[in-house]
2 protein chains.
Amino acid sequence: MTASPEQHPPGLDLEESVLRPVRGHHAFEACVEQLGTAIRLGVYPLGSALPAERELASRLHVSRATLREAMAALREAGLVETTRGRGGGTVVTLKPRSPSARAAARVSSAKRQDWLDALEFRRVVEPGAAALAAQLELTDVRREQLEQAHDAVAHASRPAPHRQADSRFHLTIAALSESPRLIEAVTSVQSALHEMLLAIPVLETNIAHSDRQHAAVVRAILAGRPDRARRAMEHHCDDTAALLRGLLG
Amino acid sequence: MTASPEQHPPGLDLEESVLRPVRGHHAFEACVEQLGTAIRLGVYPLGSALPAERELASRLHVSRATLREAMAALREAGLVETTRGRGGGTVVTLKPRSPSARAAARVSSAKRQDWLDALEFRRVVEPGAAALAAQLELTDVRREQLEQAHDAVAHASRPAPHRQADSRFHLTIAALSESPRLIEAVTSVQSALHEMLLAIPVLETNIAHSDRQHAAVVRAILAGRPDRARRAMEHHCDDTAALLRGLLG
DNA sequence: GAGTATTGGTCTGAGTTCATACCAATTTTA
DNA sequence: TAAAATTGGTATGAACTCAGACCAATACTC
């Protein structure tokens with residue numbers, strides 16, 4: 001800790017820890033980020049339609065004018081296309097990208113720091129979500145959805161769709177927990193993870209390993225074994241994190 | 001969908017889970033909430049001075065004009081007093097309140113739901129923070145601060161100061177984890193907890209029990225035993241949650 | 001006591017965001 | 001084919017937020 005520009009003090013400053021920016025950026029930037037994230041994570045896959053503007057705006061607690069600015073940005077960036085009239089709407093046109101190896105060097109120190117924090121946080125919240133999901137009585141429909149999300153990951157052979165399926169899988173588990181706070185936490189963590197994986201080439205062997213761990217998590221959740229689900233997810237997070245930390249420095 | 005106004009569907013709607021309001025309210029309301037929370041949780045105890053306006057504004061990523069609106073609201077509400085000139089500033093005048101038993105009935109169903117979610121979330125993030133803290137090499141200053149925060153809880157005899165000391169204790173552990181995301185999560189959870197405890201009378205026996213659990217958490221963290229720290233904090237959260245759930249319905 | 005530094009208090013003009021209408025295109029329905 | 005419904009597109013004025021400059025009060029320094 002000698003060369004690093006910012007050195008933390010030996011003591012804690014509670015207020016410094018607690019007082020955080022009251023909100024990140026402008027409303028329309030936040031919309032772009034949230035919708036862009038949802039699209040890239042595969043919540044809205046290629047070819048699917050976004051909700052109508054009026055509904056999206058009310059969902060995001062934002063005026064339609066602001067939402068439209070965001071939509072314009074997404075359209076500009078080539079993520080979506082829009083047609084009007086009844087039956088029209090906005091449709092996803094973004095094809096999932098593959099990781100580009102040379103992007104890894106460009107990340108700033110702050111971003112790197114944030115990524116490492118996301119990995120720590122993930123190791124806490126995702127196992128928590130898995131445990132909670134395993135603890136609940138799941139309807140048949142939901143058990144089905146979980147297995148389906150898992151199958152989608154296992155059967156996706158190409159890297160980019162696999163990445164999206166993986167995100168959807170983890171988000172599905174979070175949604176099963178039924179905890180709004182946990183869902184938001186996992187969404188934010190998956191978004192960070194997605195960024196990281198775009199900057200890092202993924203190895204085939206790791207995908208196979210990862211899928212075995214996914215299967216273990218699904219089994220534990222369906223069997224209603226919270227502790228086992230949590231531990232399985234912890235292993236999965238640990239292994240992913242070790243890999244990423246290694247490739248990030 | 002017959003009796004309950006909002007019943008969740010048997011299946012999951014991923015987009016519904018993931019798309020959340022892009023930001024809660026206006027900037028100045030958010031400032032009021034954040035500063036009010038910090039004061040009530042005892043980050044700024046009675047008689048202590050808040051940072052200068054210019055610094056606070058930059059810390060919260062908000063213009064000074066907006067921050068001042070928030071300050072005016074806090075002043076109006078009697079939480080702080082302001083004097084000007086060099087050496088002046090804004091000082092906390094709020095005496096920690098004691099719980100009022102009859103407040104419990106007034107909480108809305110949505111709030112109740114949010115509180116229950118906060119308890120679930122807490123059971124995930126606070127044990128996680130404790131484990132992380134135990135896993136790090138702590139400087140002597142920090143070990144000292146942790147013990148001091150714990151002593152403050154143990155020695156606070158009256159309910160209101162005890163509540164603040166308790167919040168500070170939990171926030172201290174979160175801060176020790178050095179994870180910004182975890183710190184924010186614990187802050188938000190403690191804020192919800194604080195609201196709940198204001199609406200519910202606290203029993204002396206529970207305070208004693210709680211302090212024994214605090215001690216166990218501190219021992220585990222200082223001994224560098226992450227698993228033990230996590231489990232101790234889990235027990236603490238479980239017991240608190242059971243009590244609160246019982247009193248809330 | 002004079003000067004300086006630090007603090008809250010005030011003002012202004014520009015940029016965002018908002019709610020609310022209304023217009024235009026297209027499909028569904030009668 | 002005509003009407004209705006649904007969708008995106010546009011316009012307007014109010015409210016909020018911002019950055020920056022400047023004023024006023026107070027305490028420290030010389």
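Residue numbers begin at 1 in each chain, while the letters A, B, ... track the order of the sequences. The figures that follow rest on heavy atoms only: side chains count, while hydrogens, waters and symmetry mates do not.
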Spell out yes or no: do the side chain of [X] and the base of [N] have one donor N/O and one acceptor N/O closer than 3.5 Å?
X        : N      : value
Arg64(A) : dG9(D) : yes
Arg54(A) : dG8(D) : yes
Arg75(B) : dG8(C) : no

Problem set entry | Residue met sooner reading DNA chain C from 5', once Ser63(A) and Gly87(A) are mapped to nucleotides |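 On the 5' side of the pair lies Ser63(A).
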Is there a donor-acceptor pair closer than 3.5 Å between any side-chain N or O of [X] and the backbone N or O of [Y]?
X         : Y         : value
Ser191(B) : Thr187(B) : no
Thr83(B)  : Gly88(B)  : no
Ser63(B)  : Ala57(B)  : no

To the nearest Å, give me how far apart [atom1] ([X]) and [atom2] ([N]) are.
X        : N       : atom1 : atom2 : answer
Leu56(B) : dT7(C)  : CG    : P     : 11 Å
Leu60(B) : dT17(D) : CG    : C1'   : 14 Å
Glu29(B) : dT17(C) : CD    : P     : 16 Å
His61(A) : dC18(C) : NE2   : P     : 11 Å
Arg84(A) : dA25(C) : CZ    : C1'   : 5 Å
Met71(A) : dT17(C) : CE    : P     : 16 Å
Glu55(B) : dG8(C)  : CD    : C1'   : 15 Å
Phe28(A) : dC18(D) : CZ    : P     : 16 Å

Counting heavy atoms from C-beta on, name the nucleotide in [options] closest to the side chain of [X].
X        : options                   : answer
Ala65(B) : dG8(C), dG8(D), dA19(D)   : dA19(D)
Thr82(B) : dT17(D), dG9(D), dG9(C)   : dG9(C)
Arg86(A) : dC18(C), dG8(D), dT26(C)  : dT26(C)
Glu69(A) : dA25(D), dT10(D), dT17(C) : dT17(C)

For this session: Taking only Lys NZ, Arg NE, NH1 and NH2, and the carboxylate oxygens of Asp or Glu, determine whether Glu53(A) and Arg68(A) approach each other closer than 4.0 Å.
Result: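 Here Glu53(A) pairs with Arg68(A) in a salt bridge, since their nearest N and O are under 4.0 Å apart.
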Exercise. Any chance the rings of His214(B) and His170(B) have centres within less than 6.0 Å?
Worked result: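 Yes, they do, as the ring centres are separated by less than 6.0 Å.
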For this session: Compare side-chain N and O positions of Arg68(A) against OP1 and OP2 of dG8(D) and report whether any pair is under 4.0 Å apart.
Result: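 So the side-chain polar atoms of Arg68(A) never come under 4.0 Å of the phosphate oxygens OP1 or OP2 of dG8(D).
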